[in-house]
Amino acid sequence: MKNNTQCKGQIPRDIEVLILAGGLGTRIRTVLGDTPKLLAPIRNKTFLDFIISWLQGFGVPRLLLCIGYLSEKIIDHVSKLDLQGMSIETSIETECLGTAGAIRGAVKLIRSNEILVLNGDTWVEADLSDFCLDHRRSKAEISILCVEVSDVSRYAYVELDSEDFIERYFEKKPSNKGPGIISAGIYLFSNLGLNRLMDSKGASLEVDFFQNLPKGVVRGYLASSGKFVDIGTPETLRVLDDVLPNY
C-alpha cells in the first residue's frame with residue numbers, strides 16, 4: 001500500500017516522540033570528531049535542528065531525547081533553541097543500552113499511551129500524521145515506517161503480507177543485494193506493544209525484539225518514494241545537504 005506524503009497534517013496530541021541517539025557514532029567519528037551525530041553541521045544548523053523543525057510541522061508537543069555519548073553538548077545546544085511551545089526532556093544513558101534498552105530506560109518519562117520512536121541517525125521524507133492514522137486504523141501493537149530502496153544490503157529489510165503486516169523481519173546483511181522494502185527507523189508503539197518490549201530481553205530493538213515477534217503484531221506502513229538517508233557513514237552524511245528541506 002503506497003501512501004501520499006504531500007498532504008501533511010498534525011499527529012494526535014496524545015502521541016509523544018522519542019529519539020534514539022545514545023550511540024557512539026564510531027563510523028563517522030573521523031568526520032565529526034567530538035561532535036555527536038545529532039549535532040552534525042548542515043547549512044549553519046545541526047541535524048537535530050532539522051528534525052525538530054520537521055516534528056514541529058506535525059504539531060509534536062513533547063520530545064524525549066535518549067542520549068549518552070557527549071550528551072552534555074546536546075543538552076547545551078537544546079537549551080539555546082526556540083522550541084515554539086515544544087517541550088524536550090532527556091533520558092541520559094550512563095552506559096550504552098542499545099536501541100531496545102534505551103526505550104526501556106526512558107519509559108518512566110513517557111506520559112502517553114502511544115509513543116513514536118525515531119532513530120536519531122536517519123532522515124525520511126514521510127507524512128507522520130498519516131502514519132499515525134494508519135496505525136490506529138489497523139489496531140496494530142506496533143507499526144514500522146518503511147521505504148523502498150534499490151539495494152537493501154545496508155539496512156534491515158522486511159516482507160509484508162497481503163494485509164501490510166510484517167511477515168518477516170531481516171537484520172541487515174551485506175550479502176543481501178538488490179531492491180526491497182526496508183525499515184526507515186521510525187516506529188509507533190501502542191501501550192500493548194510497549195509492554196511487550198518491556199517484557200522482552202536483549203539490547204537491540206531490531207535483532208532481539210522485532211525478529212522474534214509473532215506474525216500479526218507489527219504493521220508495515222510503506223511511504224511513497226520520499227527521500228531517505230541513514231547518516232551512519234561519512235558518505236551518507238555528505239548527501240544530507242542535498243536531501244534536507246529548507247527550514
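Values in this document were obtained by computation on a predicted structure and should not be read as measured data.
Atoms CD1 and CD1, from I110 and I115 in turn, are 4.5 Å apart once rounded to the nearest 0.5 Å. Taking CD1 of I186 as the start and OG1 of T122 as the end, the distance is 6.0 Å to the nearest 0.5 Å. The distance from the CG atom of L188 to the CG atom of L116 is 5.5 Å, given to the nearest 0.5 Å. Note that CD1 of I19 is 10.0 Å distant from CG of N119, once rounded to the nearest 0.5 Å.
In terms of heavy-atom proximity, E148 sits nearest to L222 at CG-CD1, 3.9 Å. In terms of heavy atoms, A100 sits closest to G202 at CB-O, 3.7 Å.
When the side chains of ILVMFWY residues are joined at heavy-atom separations under 4.5 Å, either directly or via intervening members, L18 and L97 end up in two distinct hydrophobic clusters. Two different hydrophobic clusters hold Y221 and L192 under the rule that ILVMFWY side chains link at heavy-atom gaps under 4.5 Å. Connection of F165 to V158 is not established within any shared hydrophobic cluster, with ILVMFWY side chains joined at heavy-atom distances below 4.5 Å, either directly or through further cluster members.
Looking at heavy atoms from C-beta onward, V78 lies out of side-chain contact with I75 at the 4.5 angstrom threshold. Residues F50 and L55 are not in side-chain contact: their nearest non-hydrogen atoms beyond the backbone lie 4.5 Å or more apart. The closest side-chain heavy-atom distance from V124 to K227 is not below 4.5 Å.
With respect to D134 and R219, a salt bridge is recorded, a charged nitrogen being found less than 4.0 Å from a carboxylate O.
With hydrogens and angles left out, the side-chain atoms of N195 and D199 include no donor and acceptor closer than 3.5 Å.
Listed by chain and number, the residues in a side-chain contact (heavy atoms from CB on, under 4.5 Å) with D151 are S153, K177 (sequence neighbours excluded). Residues passing the side-chain contact (heavy atoms from CB on, under 4.5 Å) test with S204, sequence neighbours excluded: T99, E206, V207, D208. Partners of R13 under the side chain to side chain donor-acceptor pair (under 3.5 Å) rule, at least two apart in sequence or in another chain, do not exist in this structure. For D49, the side chain to side chain donor-acceptor pair (under 3.5 Å) test picks out T46, H77, with sequence neighbours left out. Not a single side chain to side chain donor-acceptor pair (under 3.5 Å) links N212 to another residue, sequence neighbours left out. With sequence neighbours excluded, the residues satisfying side-chain contact (heavy atoms from CB on, under 4.5 Å) with N176 are V152, Y157, K173. When the side chain to side chain donor-acceptor pair (under 3.5 Å) test is applied to D82, no partner is found at least two apart in sequence or on another chain.
The number of heavy-atom neighbours closer than 6.0 Å to CD of E163, taken from other residues, nucleotides and ligands shown, is 12 or below. Residue-environment remark: NZ (K73) exceeds the threshold of 12 foreign heavy atoms within 6.0 Å.
Although no hydrogens or angles enter the test, the distance criterion places a donor-acceptor pair under 3.5 Å between the side chain of S138 and the main chain of H135. A donor-acceptor contact shorter than 3.5 Å is absent between the side chain of E125 and the backbone of F228. At least one donor-acceptor pair under 3.5 Å links the side chain of D127 to the backbone N or O of S129.
Pairs passing the salt bridge (charged side-chain N to carboxylate O under 4.0 Å, His left out) check and including a residue from residues 180-197, sequence neighbours excluded, read E141-R196. Judged as a salt bridge (charged side-chain N to carboxylate O under 4.0 Å, His left out), the pairs with a partner in residues 228-245 (not counting sequence neighbours) are, in order, R43-D241, R154-D230. For residues 187-208, the ring pair (Phe, Tyr, Trp, His ring centres under 6.0 Å) pairs, not counting sequence neighbours, are Y187-F210. Applying the ring pair (Phe, Tyr, Trp, His ring centres under 6.0 Å) test to residues at least two apart or on different chains, the pairs with a partner in residues 83-125 are W54-W123. Among residue pairs with one or both ends in residues 99-120, those qualifying as salt bridge (charged side-chain N to carboxylate O under 4.0 Å, His left out) are E89-R111, E114-R136; sequence neighbours excluded.
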F58/F131 under ring pair (Phe, Tyr, Trp, His ring centres under 6.0 Å): CA gap, chis, key distance, verdict: CA-CA 11 Å; F58 289 105; F131 176 51; over 10 Å; no

